[in-house]
Amino acid sequence: MKESPFDDIRPYYDEEIPAAMQRIAASEFFPLLATYVFPDEELESVRERVRRIRTIREFQGEVMKPVNEQVIARSITSFTHEGLGHLDPSQRYLFVSNHRDIMLDASLLQYLLFVNGHETTEITFGANLMSSQLVVDIGRANKMFRIERGGNMKDFYRSSMHCSEYIRHTITEKRQSVWIAQRNGRTKDGNDLTDQGIVKMFCMSRPFDKIEALAELHIVPMTISYEWEPCDILKALELYESRFTRYTKKPGEDLNSILTGLLQPKGAVHIAFGPCLDEELLRRYDDCTHNEYHRQVTRLLDRQIRSRYRQSANNFIAHDLLYGQTRHADRYTPAQKEAFLDRLGELSRFDVADGDLLRDIFLGIYASPVDYLND
């Protein structure tokens with residue numbers, strides 16, 4: 001197998017898939033996964049199905065497609081999309097997306113592309129989530145590549161440059177699209193904002209032509225909207241605790257968030273694609289300094305992502321409750337408000353010193369996107 005300068009972060013090659021499938025099939029957690037994905041099949045039949053997989057494409061069709069179909073069938077009332085028709089199946093893109101769920105944002109994109117005849121994307125995946133061999137095998141078999149986080153400034157610069165070089169290599173040489181979140185980690189407070197450092201990172205691997213650096217990546221803004229925010233209560237509790245002390249993740253917390261995101265009812269889910277940030281568009285900023293250019297592109301991504309967020313009744317209900325208004329009462333029904341209040345009432349299960357603060361934080365998660373309408 002030919003060595004690559006990206007062996008430390010890349011997904012699996014096809015020739016590495018058979019060994020990974022053997023490990024997955026032998027995992028102690030395999031029976032639980034098999035029961036969820038293939039509820040009507042015998043365990044040994046599923047085990048043998050996985051062992052026979054030889055390529056990434058087979059894994060995505062034989063395993064990940066059914067995973068997403070089960071998630072959609074069990075926890076999503078409608079799954080819709082817009083803008084896919086503007087994407088050229090022969091082109092490769094860098095999808096820059098808001099980030100609401102650890103796994104589902106990218107996984108549902110993969111599914112959408114797969115069933116509509118597009119090549120699936122590679123996916124950025126935080127090194128902190130690579131917590132077990134099973135997660136590593138499933139992730140790397142599903143085109144996930146590793147992103148290092150933290151460390152001192154020297155390590156951060158080195159990992160950022162490595163990531164930038166790999167993304168450019170993947171799109172321009174491997175001819176694979178890439179999904180990346182607009183910021184480091186999920187949006188916890190409901191306010192989708194792009195980290196300017198992400199745009200700067202994209203440019204690092206081509207520092208002498210800032211326009212071409214981004215134009216050749218074919219950046220497509222992507223927005224995913226959930227009627228019911230994945231892990232809404234978990235996010236509210238984390239934000240609440242962060243108000244009083246430095247938040248430290250608990251053992252198994254990421255896995256719990258992944259499972260909660262998969263299983264929790266999400267209602268209507270919508271994916272929207274904005275226009276590609278092509279060279280003609282980026283040339284508007286040709287006279288900017290590097291720093292101002294990064295700032296302007298960041299703002300452009302924010303406008304594209306936020307303007308395509310699909311508001312639900314829950315967003316308007318939360319906004320009215322948070323601000324003690326009825327301004328948006330025509331946007332929801334009494335039944336929808338009652339359902340939201342039932343969910344809000346689940347916060348009473350938690351023994352916290354300031355229940356009103358926890359309530360406001362929870363409402364803010366849903367209310368924030370309403371402010372996008374004023375951008």
Side-chain angles (χ1 to χ4, degrees), residues 5-6 9 83 86-87 91-99 121-122 124 126 145 147-174 176-189 191-223 272-309 368-369 371-375:
F6 306 110
I9 62 172
H86 298 302
L87 301 180
Q91 184 60 272
R92 298 298 175 254
Y93 298 99
L94 174 57
F95 295 98
V96 179
S97 172
N98 65 333
H99 191 20
T121 73
E122 292 197 9
T124 56
F145 66 94
I147 295 290
E148 294 292 344
R149 292 174 178 161
N152 57 40
M153 286 301 295
K154 184 177 180 181
D155 290 339
F156 178 74
Y157 176 83
R158 185 182 294 121
S159 63
S160 295
M161 176 62 82
H162 198 43
C163 180
S164 181
E165 291 171 339
Y166 181 72
I167 289 173
R168 192 170 305 278
H169 164 76
T170 299
I171 293 171
T172 63
E173 297 182 43
K174 288 177 67 178
Q176 293 280 307
S177 293
V178 172
W179 175 95
I180 190 170
Q182 67 181 153
R183 60 198 282 179
N184 183 1
R186 292 170 294 162
T187 300
K188 302 287 177 57
D189 60 2
N191 191 18
D192 299 305
L193 289 170
T194 307
D195 182 351
Q196 185 172 322
I198 294 288
V199 176
K200 181 178 180 180
M201 182 269 287
F202 296 154
C203 294
M204 288 175 72
S205 50
R206 189 157 185 178
F208 303 114
D209 187 335
K210 65 180 187 291
I211 304 299
E212 188 61 27
L214 297 184
E216 74 172 4
L217 297 179
H218 305 289
I219 296 173
V220 170
M222 172 187 144
T223 310
F273 302 99
C276 180
L277 307 192
D278 59 18
E279 183 173 350
E280 181 181 359
L281 177 60
L282 294 168
R283 283 290 171 199
R284 299 177 187 176
Y285 310 114
D286 207 4
D287 293 335
C288 294
T289 65
H290 276 283
N291 189 58
E292 180 62 18
Y293 176 64
H294 299 152
R295 191 165 70 88
Q296 291 293 343
V297 174
T298 298
R299 288 179 171 179
L300 177 60
L301 284 168
D302 283 345
R303 290 194 298 270
Q304 294 285 352
I305 291 170
R306 290 157 70 95
S307 68
R308 286 173 174 79
Y309 191 92
S368 289
D371 294 329
Y372 300 175
L373 300 175
N374 300 319
D375 283 354

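Residue numbers count from 1 along this sequence.
- Contact annotation: the side chain of Leu214 approaches that of Cys203 to within less than 4.5 Å [non-hydrogen atoms, C-beta and beyond].
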| message | One pair to check against side-chain contact (heavy atoms from CB on, under 4.5 Å): Val220 and Val96. What are the steps and the verdict? | response | CA-CA 6 Å; Val220 170; Val96 179; over 6 Å; no
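- Using a 4.5 Å heavy-atom cutoff, the side chains of Arg183 and Ile198 are not in contact.
- In this structure, Asp287 places its CG atom where only 12 or fewer heavy-atom neighbours from other residues, nucleotides or ligands lie under 6.0 Å away.
- For the pair Asp278 and Leu282, the minimum side-chain heavy-atom distance is 4.5 Å or more.
- Side chains of His169 and Glu165 form no contact here, defined as non-hydrogen atoms less than 4.5 Å apart.
- Of all the heavy atoms in Ser368 and Asp189, the pair that sits closest is OG-O, 3.2 Å.
- With a 4.5 Å cut-off on side-chain heavy atoms, Asp195 and Gln182 do not count as touching.
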| request: With side-chain contact (heavy atoms from CB on, under 4.5 Å) as the test, would you mind laying out the steps for Tyr166 and Lys174 before giving the verdict? | output: CA-CA 10 Å; Tyr166 181 72; Lys174 288 177 67 178; 2.9 Å; yes
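- For the pair Ile305 and Asn98, the tightest heavy-atom approach, listed with the atom from each and the gap, is CG2-CB, 3.9 Å.
- Rounding to the nearest 0.5 Å gives a distance of 11.5 Å between CD1 of Ile167 and NE2 of His162.
- From Met161, atom CE reaches atom OG of Ser205 across 7.0 Å, with rounding to the nearest 0.5 Å.
- Arg92 has its side chain out of reach of His218: every pair of non-hydrogen atoms, C-beta onward, lies at least 4.5 Å apart.
- Remark: Thr298 engages Thr194, Gln196, Val199, Asp302 in a side chain to side chain contact (heavy atoms under 4.5 Å, CB included) (not counting sequence neighbours).
- A ring-centre distance under 6.0 Å is not found for Tyr93 and Phe273.
- Under 4.0 Å is where a charged nitrogen must lie from a carboxylate oxygen, and between Glu280 and Arg283 no such pair does.
- Once rounded to the nearest 0.5 Å, the distance linking CD of Glu148 with OG of Ser160 reads 11.0 Å.
- Exactly one residue among Leu373, Leu193, Thr223 makes a side chain to side chain contact (heavy atoms under 4.5 Å, CB included) with Arg306. That residue is Leu193.
- Residue Ile147 comes nearest to Cys163 through the heavy atom pair CD1-SG, 3.1 Å, listed as atom of the first residue, atom of the second, then distance.
- Judged by distance alone, the side chains of Lys200 and Tyr293 never bring a donor and an acceptor atom under 3.5 Å apart.
- Nearest heavy atom pair, residue Ile211 against residue Glu279, reads CG2-CG, 4.0 Å.
- Here Glu173 does not pair with Arg168 in a salt bridge; the nearest charged N to carboxylate O distance is not below 4.0 Å.
- There is no side-chain donor-acceptor pair under 3.5 Å between Glu292 and Tyr285.
- Heavy atoms only, all atoms of each residue included: Ala181 and Thr124 are closest at N-OG1, 4.2 Å.
- Atom CG of Asp371 and atom OH of Tyr309 lie 12.5 Å apart (nearest 0.5 Å).
- The nearest pair of heavy atoms linking Phe202 to Ser164 is O-OG, 3.3 Å.
- Rounded to the nearest 0.5 Å, atoms CD1 (Ile9) and OG (Ser159) are 9.5 Å apart.
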| request: Begin with the C-alpha distance, continue with both residues' side-chain angles, and end with the deciding distance and a verdict on side-chain contact (heavy atoms from CB on, under 4.5 Å) for Glu212 and Arg206. | output: CA-CA 8 Å; Glu212 188 61 27; Arg206 189 157 185 178; 3.4 Å; yes
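- A donor-acceptor contact shorter than 3.5 Å links the side chain of Arg308 to the backbone of Gln304.
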| request: List the steps and the verdict of side-chain contact (heavy atoms from CB on, under 4.5 Å) for Tyr157 and Asn152. | output: CA-CA 9 Å; Tyr157 176 83; Asn152 57 40; over 6 Å; no
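- The shortest side-chain heavy-atom distance between Phe95 and Ile180 does not fall under the 4.5 Å cut-off.
- Interatomic distance, Gln176 CD to Leu94 CG, rounded to the nearest 0.5 Å: 13.5 Å.
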